Amino acid sequence: MSGDHSHNDSQIESGSRYNDSHKHKDKYKDKEHRHKDHKKDKEREKSKYSNSEHRDSSDKKHRDKDKERLKLKDGSSSDKQKDKHKEKKKEERSFDGKPKKERENGFASPFIKSEPENDDFYHSPKHEKSLKRERDDDDAEVKPKKIKTEDDRSEKKAKKRKQVEEDIKPKKKTKDKKGEVATDGKKKAKKEPEDKWKWWEEERYTDGVKWKFLEHKGPVFAPPYDPIPSNVKFFYDGKQMKLSPEAEEVATFFAKMLDHEYTTKDIFRKNFFKDWRKEMTSEEKSKISDLNKCDFSEMSEYFKAQSEARKAMTKEEKLKIKGENERLLQEYGFCVMDNHKERIANFRIEPPGLFRGRGDHPKMGMLKRRIRPEDIIVNCSKDSKHPKPPHGTKWKEVRHDNKVTWLVSWTENIQGSIKYIMLNPSSRIKGEKDWQKYETARRLKKCVERIRSQYREDWKSKEMRIRQRAVALYFIDKLALRAGNEKEEGETADTVGCCSLRVEHLSLHQEMDGQEFVVEFDFLGKDSIRYYNKVPVEKRVFKNLQLFMEDKEPEDDLFDRLNTSILNKHLQELMDGLTAKVFRTYNASITLQQQLSELTNSEENVPAKILSYNRANRAVAILCNHQRAPPKTFEKSMQNLQTKIDAKKEQLADAKRELKSAKADAKVRRDEKSKKAVETKKKAVQRVEEQLMKLEVQATDREENKQIALGTSKLNYLDPRISVAWCKKFEIPIEKIYNKTQREKFAWAIDMAEKDFEF
DNA sequence: AGTCCGACTTAGTAGTTACACA
DNA sequence: TGTGTAACTACTAAGTCGGACT
């Protein structure tokens, strides 16, 4: 399997963010020009709607939505019918890895237990009882009681657990808190339940319902604009000018970014200036007509001084701010969902500012407008205490949709997309989904060989669309490419995934570096990260590619008979719940598992084993092309480490010399005391050796990690149970692999995976 | 069949904090 | 006792995917 997946290290070395690569830049610039011409009209059309009018259209959207919901609620029979049908379909799909019959009777039990939340946050007793998720209560022997967490489980659940987790014994609680300090002690000790809620031992909703009760305090808005002092001046064309507060605020956004490269970019400046002018008074508008004549330098200096001052604050002042943040977190950072207090991921509304897209984004520099309560849709239980809008304001809407997971949403003005406030990854609602994702990937493991032989067969198909589909799937599987939805030109940076690859993104080499049939990929993927890879492929694939590229212009689609929706429909037929991204998850996780078993040597010490883990992790990151900008201080910190290593080596030599002389001494004297001295020296040598080893490992690890980001795969692609099992098997403390946040996110895996877990 | 859009996951980076070390 | 660096967190952009609508 993995032999199939040859991943070229050169990919990393040469890979770089588009902006950093000159060769690349030029290449893409050319293309952009070519594209531009036929984009123009479309763009003009678009921009008409981009700002004020957008609001109207989105309002309308929501009105329509309302209608729709109403319909659903008092439902005409036909609507209901349709809905039921839909939900059933969903249900059948939603529980990966669980036999269907277990799911069907979700929470039939009338048993309701009112379990007091062990903390009175948002307590609304009158509702709690009726809103508790229902469960059966008949398998008391499965798990030891804990005083206040859930103790009602069903037989089905017990079975399910057995099946999924095999023989999970109740564990001594993982005390993963020892290393944590102050803040932790404060909030955790008081607020956190002693026994953490194990949602993974409970029934799940089966019908598209995400919760039964939801209560929260709404979002925290960005602080209002704080005008700069009047002695900080703005100059236009050399003359001082007092700006209106609205125009001034936008000017400060620009001033704050002055040091950044993109304020020099034409598009950025153009977009900024256009949006800035919209905020000006007519007087200002008539005066300020050229951005180049604007002098923001005093503002810029002012903000720099401010940030210096912030750094130089006294301990007390810093503590005060910290305390205030903590208070805000406690008040707004949590919600109650189905009787459990859960952490919210992003409870602050995004503040206004200038949009910074990634890569060559056509909208960079545009003004991201301030979000007001009137823009906000609140989602919560009907019978919860609704969040109050700030004094004198109103929400746009309060709705009670328990088929979605978000608490708050608003429409952003740059792309017109919807932004959400949702729960933290440690929450039940995110965790269940995450777990499910890995179960789907594990199901793929069972049938991946079948799928592979099928697509290989399809390479020979008479039908073009099938060949294209098969070759694309091969890339997705072998190279872990993303699906590649088509995107609107001129709205975003020009990036592609598998289905949206263009002819210009690959070149074919009959022979290259002694290998036959090499495909050279060079394109910008998500976040404008460059994907560069030379891959030898099967002859049949190569021939197909030649065919697909025949008579096409560089900017034509490689797979002109394919898109993500066609591909995913096909995948759905091959396996329930299968989509393109499942391959990424599957290949990432299976690679980790293989690499770990290949690289780990049980004889080695803990740091060496961790190096092996990081290497396995790295193999995955390379596969998934997870890159990062090399840290700014990389070279220097590498040098520092080297000096340390040299010093350690010297120290080791010294220690060895001393040991030698001690030995000689002992030989002559033959007394206890000198024998002991030898022992001590021996120990010293050993200790220094270990330290040196540790440093060297660190150096290797860091060097190999220069441009590779491990975090993304660890967080999103690697089944945490693989890592947990590995830790247990080799007696590595889990803290060495996962930090606190990660342990919270993966609590389910840490609790359920034993050392023999197999992906 | 294609388009649009809502909901949700995946992504890199900027800024902050903790920590090691001279 | 500050300073440099690593680790972590917060932030938000940019994907995926399914379903409604046309």
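Being a predicted model, the structure only gives us computed values, none of them experimental. Lettering of chains follows the sequences in order, A, B, ..., and the numbering in each one begins at 1.
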> Between C/dT12, B/dA11, B/dA7, which nucleotide has the shortest distance from any of its atoms to the side chain of A/Arg399?
Replying inline: B/dA7
>> Of the options C/dT12, B/dT10, B/dT9, whose atoms approach the side-chain atoms of A/Lys437 most closely?
In response: B/dT10
> Rounded to whole angstrom units, what separation is found between the CD1 atom of A/Ile645 and the P atom of B/dC21?
Replying inline: 13 Å
> Picking from B/dA14, B/dC8, C/dG15, which would you name as closest to the side chain of A/Trp406?
Replying inline: B/dC8
> Rounding to a whole Å, what distance do you find between A/His626:NE2 and C/dG15:P?
Replying inline: 13 Å
> Touch check for A/Ala345, heavy atoms < 4.0 angstrom, all strands: base, sugar-phosphate only, or nothing?
Replying inline: nothing
>> If only side-chain N and O atoms count, and only distance matters, is there a donor-acceptor pair under 3.5 Å linking A/Lys433 with A/Gln436?
In response: no
>> Strictly below 4.0 Å: does A/Asn485 bring a side-chain N or O up to OP1 or OP2 of C/dT16?
In response: yes
>> Less than 3.5 Å apart, any donor N or O on the side chain of A/Asn617 or A/Ser713 sitting next to an acceptor on the other?
In response: yes
>> Among C/dT12, B/dG12, B/dT10, which nucleotide has an atom closest to any side-chain atom of A/Asp527?
In response: B/dG12
> Is the distance from OP1 or OP2 of C/dC8 to the nearest side-chain N or O of A/Lys740 less than 4.0 Å?
Replying inline: no
> Does the side chain of A/Arg356 get closer than 4.0 angstrom to OP1 or OP2 of C/dA14 through an N or O atom?
Replying inline: no
> How would you label the contact of A/Lys526 with the nucleic acid (heavy atoms, under 4.0 Å): base, sugar-phosphate, or nothing?
Replying inline: base
> Does a donor on one side chain and an acceptor on the other come within less than 3.5 Å for A/Ser723 and A/Tyr613?
Replying inline: yes
>> Rounding to an integer number of Å, can you tell me how far A/Asn346 CG sits from C/dC11 P?
In response: 8 Å
>> Looking at C/dT9, I'd like to know if its phosphate oxygens (OP1 or OP2) sit under 4.0 Å from a side-chain N or O belonging to A/Thr741.
In response: yes
> What nucleic acid atoms does A/Gly484 come within less than 4.0 Å of, heavy atoms only: base, sugar-phosphate, or nothing?
Replying inline: sugar-phosphate
> Across the strands shown, which category fits A/Pro351 at heavy-atom distances under 4.0 angstrom: base, sugar-phosphate, nothing?
Replying inline: sugar-phosphate
>> Quick check for you: among C/dC17, B/dT9, C/dG15, whose closest atom lies nearest to any side-chain atom of A/Thr579?
In response: C/dC17
> Does a nitrogen or oxygen in the side chain of A/Thr405 sit under 4.0 Å from OP1 or OP2 of B/dC8?
Replying inline: yes
> Rounded to whole angstroms, how far apart are NZ on A/Lys318 and C1' on B/dG15?
Replying inline: 13 Å
> Quick one: are the ring centres of A/Tyr717 and A/His626 less than 6.0 Å apart?
Replying inline: yes
> Between A/Arg442 and A/Glu439, is there a side-chain N and carboxylate O pair less than 4.0 Å apart?
Replying inline: yes
>> Looking at B/dC8, I'd like to know if its phosphate oxygens (OP1 or OP2) sit under 4.0 Å from a side-chain N or O belonging to A/Lys419.
In response: no
>> Check this one for me: any side-chain N or O of A/Thr492 less than 4.0 Å away from OP1 or OP2 of C/dA14?
In response: no
> Which part of the nucleic acid, if any, lies within contact of A/Lys210, taking any heavy atom under 4.0 Å across all strands shown: a base, the sugar-phosphate backbone alone, or nothing?
Replying inline: sugar-phosphate
> Is there a donor-acceptor contact under 3.5 Å from the side chain of A/Asp375 to the main chain of A/Trp410?
Replying inline: no
> Would you say a side-chain N or O of A/His361 is under 4.0 Å from OP1 or OP2 of C/dA13?
Replying inline: no
> In chain order, what residues pass the salt bridge (charged side-chain N to carboxylate O under 4.0 Å, His left out) check against A/Lys569, with sequence neighbours excluded?
Replying inline: none
>> How many whole angstroms separate atom CD of A/Gln627 from atom P of B/dG12?
In response: 8 Å
> Checking all strands, does A/Phe355 fall into the base, sugar-phosphate, or nothing category for heavy-atom contacts under 4.0 angstrom?
Replying inline: sugar-phosphate
> Rounded to the Å, how far apart are A/Phe253 CZ and C/dT12 C1'?
Replying inline: 16 Å
>> Nearest whole Å is fine: how far is C/dT16 P from A/Phe583 CZ?
In response: 15 Å
> With a non-hydrogen cut-off below 4.0 angstrom, is A/Thr495 in contact with a base, only sugar-phosphate, or nothing?
Replying inline: sugar-phosphate
>> Rounding to an integer number of Å, can you tell me how far A/Gln572 CD sits from C/dT16 C1'?
In response: 14 Å
> Is A/Lys311 touching bases, backbone alone, or none of the nucleic acid, heavy atoms closer than 4.0 Å?
Replying inline: nothing
> So what does A/Asn739 hit on the nucleic acid, given a heavy-atom distance under 4.0 Å: a base, only sugar-phosphate, or nothing?
Replying inline: sugar-phosphate
